[in-house]
*Asks:* 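Have a look at this one before I ask anything.
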Amino acid sequence: MTKLNHTWNSTAISHAHGMVRRLLMSLRISQLLKQAPSSATVTAEGWVRTKRESKNVCFLELNDGSSLVGLQIVVDLNSFENKEILTRITTGASLVCTGFLVNSVGGDQEVELKAQSIELIGEAPADTYPLQKKRHTLEYLREIAHLRARTNTMGAVARVRNVVSYAVHSYFQENGFAYVHTPIISTSDAEGAGEMFQVTTLDLANIPRTEQGTIDYSKDFFGKKAGLTVSGQLQGETYAMALKNIYTFGPTFRAENSNTKRHLSEFWMIEPEMAFCTLEGDMAVAESFLKYIFKAVVDKCPEDMDFFSKFVEKGVAATLQKVIETPFAHLTYTEAVAELEKHNSTFEYPVHWGSDLQTEHERFLTEQVCNGPVIVTDYPKEIKAFYMKLNDDGKTVRAMDVLVPRLGEIIGGSERESRLDVLTARMQSLKLDPADYWWYLDLRRFGSVPHAGFGLGFDRAVQYITGMQNIRDVIPYPRAAKQADF
RNA sequence: UCCCCUGUAGCUCAGUCGGUAGAGCAGGUGGCUGUUAACCACCCUGUCGGCGGUUCAAAUCCGUCCGGGGGAGCCA
């Protein structure tokens, strides 16, 4: 590198920004589509989705991922010089097209690019390019995950996922939450949230043993057994006890051998945690947060949402709008069970007080009883985690699950047990060693305060918003049991 | 992990009672006055998932292994 001889001042910054604009920010197809026809020369860069040719004219649809629809490039074969290039332009080829925007003669678009010159940057031979100009199944597209973002559906998913991501941060930032990076590698084993992937540098062909014959983790990299995080909640709580309101947003790993359309081994989770907050505040945040991210997508991705409504899940955009406008229903677990027991004959697994709610019960509550999202609270302590606050009845805890139609549980949260004696007793009854949680219990020893939080499966939220049936199609490269390609 | 379904052309699928396979789309060539999943005509395309068995003969029946999908459990 040459020595920098300028000072990093505002002139330099604006120079750099100008460079970025020229290199990266100019002339996206979504912007070109909104411009008025003009004799000014413009350039469009992108990938060919389809080519249609007749005697006098050739049409190319160019897409650069900035919008669902592409820009139609029109080539007048009577005046276009470089006809040879057209035979090499096929679906998937990358082009730089220069010309000017004109009113479209055809019906489906306002403007199109009348091409003066076309530069073929990268060919995509039609006999080997895996994406054809026809509809493919999502299962097939998973096998070519490195190319599937170039399809309408996966492109729309990618744009929505991006908007949801940004909305997560803006919601919390606008509401005084600090973003906290909780660790990816964790040595606190017994969080109870699921099987961990082990992290080790031990030689698996020659594992060191203790005198008792067990694995000698003191020889391992961290000196003890370590794994990938299954939740950032416990660490998140420690920062809530200093910054009041925090959130985490990062990858989470579960080594469960579950094979369903709503589970991944590697997924993204959002975990806000609020100090000086009870279950009521927790539920209020959960509801306003969900509505905020839904509204962000409705506002920013109308074209993609129309697409999902038409081709993926009929009416999903309207459903989302209705959810935004409707207050969430509230039921205690006891009320929910009473309601479900009336229809026990219709369930494969009848409900009774104390049993966990099955998928069929969650669907019944959201789709039949409440006709929309519902928050179920105050579950029996036996079916919930140790850290949830015990109610005065001694039987239930201050847990809350947000259930939505079609998907079931999208958020799980609770007010945390802030009383040291109650929490310790609870751990002991569950055969958890309080010594393993000494730092977590310190939060109850020093300046303990009522606090609450929840976890939202980010990918499930994207699944709910888009109506995509399988969670493996809302994340770029899904990881699940026996599946970690690309 | 359990239960069910499935694997045939590049893709999506059909293939009857066991007789070595055929449609649509994609691709190629030609045609077409501006197309929109363009259209019309013609042409090309196969280790029938792998291995083993039954049979004169297996895509088809049996066994087994592998891949894919759906449901359940677990959860986010």
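What you see is a predicted model; the values in this text were computed from it and never measured. All chains are named by letter (A, B, ...) in the order of the sequence lines, taking the proteins before the strands, and each is independently numbered beginning at 1.
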*Asks:* Heavy atoms, side chains only, cut-off 4.5 Å: are A/Cys97 and A/Ile118 in contact?
*Replies:* yes
*Asks:* Kindly check if the number of other-residue, nucleotide or ligand heavy atoms within 6.0 Å of NZ (A/Lys51) is above 12?
*Replies:* yes
*Asks:* Measuring only the C1' atom in each nucleotide, how far is B/G63 from B/C17? A whole number of Å is fine.
*Replies:* 23 Å
*Asks:* Stem ranges for RNA chain B, with three or more consecutive Watson-Crick or G-U pairs under 3.5 Å?
*Replies:* B:1-7 with B:66-72, B:10-13 with B:22-25, B:27-31 with B:39-43, B:49-53 with B:61-65
*Asks:* Under 4.0 Å between a Lys/Arg side-chain N and an Asp/Glu carboxylate O for A/Arg49 and A/Glu61?
*Replies:* no
*Asks:* Between A/Thr50 and B/A38, is there a side-chain N or O to OP1/OP2 distance below 4.0 Å?
*Replies:* yes
*Asks:* For A/Ile270, answer base if it contacts any base atom (sugar-phosphate contacts may also be present), sugar-phosphate if it contacts only those atoms, and nothing otherwise; contact means non-hydrogen atoms under 4.0 Å.
*Replies:* nothing
*Asks:* Take the angle between the ring planes of A/Phe486 and A/Tyr477 and call it parallel below 30°, perpendicular above 60°, tilted in between.
*Replies:* tilted
*Asks:* Can you check the distance between B/G46 and B/C5, where both ends of the measurement are the C1' atom (answer in whole Å)?
*Replies:* 25 Å
*Asks:* Mind running a 4.0 Å heavy-atom check of residues 453-462 of chain A against RNA chain B and sending the residues that fall below it, in number order?
*Replies:* A/Gly455, A/Gly457, A/Arg460
*Asks:* Say we look at B/U64 and B/U45: how far apart would their C1' atoms be, to the nearest angstrom?
*Replies:* 32 Å
*Asks:* How about A/Tyr440 and A/Leu443: do any of their side-chain heavy atoms sit closer than 4.5 Å?
*Replies:* yes
*Asks:* Between A/Phe347 (CZ) and B/G71 (C1'), how many Å, whole number?
*Replies:* 17 Å
*Asks:* Report the distance from atom CZ of A/Phe253 to atom P of B/A76, rounded to the nearest whole Å.
*Replies:* 16 Å
*Asks:* Just how far, in rounded Å, is P of B/G69 from NE2 of A/His263?
*Replies:* 16 Å
*Asks:* Starting at OH of A/Tyr349 and ending at P of B/C3, how long is that distance when rounded to a whole Å?
*Replies:* 13 Å
*Asks:* Taking the chi torsion of B/U33, is it syn (within 90° of 0) or anti (everything else)?
*Replies:* anti
*Asks:* Is the closest basic N to carboxylate O distance between A/Asp401 and A/Lys384 below 4.0 Å?
*Replies:* yes
*Asks:* We want to know whether A/Ser288 and A/Tyr171 form a side-chain donor-acceptor pair, criterion being a heavy-atom distance below 3.5 angstrom.
*Replies:* yes
*Asks:* Give the rounded distance in Å between these two atoms: CE of A/Met400 and P of B/A76.
*Replies:* 12 Å
*Asks:* Which of these passes ring-ring contact (aromatic ring centres under 6.0 Å, His included) with A/Phe249: A/Phe458, A/Phe289, A/Tyr179?
*Replies:* A/Phe458
*Asks:* Provide the distance between the two P atoms, one in B/U60 and one in B/A21, to the nearest whole Å.
*Replies:* 14 Å
*Asks:* Going by atom types alone, do A/Asn391 and A/Thr396 pair a side-chain donor with an acceptor below 3.5 Å?
*Replies:* yes
*Asks:* Quickly work out the A/Lys384 NZ to B/A76 C1' distance and round it to whole Å.
*Replies:* 11 Å
*Asks:* What integer distance in Å separates A/Asn257:CG from B/C74:C1'?
*Replies:* 11 Å
*Asks:* Where along residues 464-479 of chain A does a heavy atom come under 4.0 Å from RNA chain B, residue by residue in number order?
*Replies:* A/Asn470, A/Arg472
*Asks:* Please list, in numerical order, the residues of residues 127-144 of chain A that have a heavy atom closer than 4.0 Å to any atom of RNA chain B.
*Replies:* A/Gln132, A/Lys133, A/Lys134, A/His136, A/Thr137, A/Glu139, A/Tyr140, A/Arg142
*Asks:* Produce a footprint string for nucleotides 29-35 of chain B: one letter per nucleotide, 5' end first; B if the base is under 4.0 Å from any protein heavy atom, S if only the sugar-phosphate is, - if neither.
*Replies:* ---BSBB
*Asks:* Between B/C43 and B/G24, how many Å separate the two P atoms, rounded to a whole number?
*Replies:* 12 Å
*Asks:* One thing to verify: whether A/Glu139 and A/Arg472 come together as a salt bridge, which I'm taking to mean a side-chain N less than 4.0 angstrom from a carboxylate O.
*Replies:* no
*Asks:* Taking all atoms of both residues into account, what is the closest heavy-atom pair of A/Gly99 and A/Leu113, and its distance?
*Replies:* C-CD1, 4.0 Å
*Asks:* Quick check: do A/Met241 and A/Glu273 have side-chain heavy atoms less than 4.5 Å from each other?
*Replies:* no
*Asks:* Please give the distance between the P atoms of B/U6 and B/G10 as a whole number of Å.
*Replies:* 23 Å
*Asks:* Quick one: list whatever passes ring-ring contact (aromatic ring centres under 6.0 Å, His included) with A/His451, sequence neighbours left out.
*Replies:* none
*Asks:* Between B/G7 and B/C13, how far apart are the two C1' atoms, rounded to whole Å?
*Replies:* 12 Å
*Asks:* Applying ring-ring contact (aromatic ring centres under 6.0 Å, His included) between A/Phe172 and each of A/Tyr292, A/Phe177, A/Tyr166, report the one that passes.
*Replies:* A/Phe177
*Asks:* Taking atom C1' in both B/A58 and B/U12, what distance in whole Å separates the two?
*Replies:* 25 Å
*Asks:* Inspect the contact between A/Asp485 and A/Arg142 and indicate whether a charged nitrogen and a carboxylate oxygen are less than 4.0 angstrom apart.
*Replies:* no
*Asks:* Have A/Tyr387 and A/Glu237 got a donor and an acceptor in their side chains that come within less than 3.5 Å?
*Replies:* no
*Asks:* I need the CZ-C1' distance between A/Arg148 and B/C11, as an integer number of Å.
*Replies:* 17 Å
*Asks:* Would you say the side chain of A/Thr90 lies within less than 4.5 Å of the side chain of A/Tyr129, judging by non-hydrogen atoms?
*Replies:* no
*Asks:* What is the distance from atom CD1 of A/Ile270 to atom OG of A/Ser165, rounded to the nearest 0.5 Å?
*Replies:* 7.5 Å
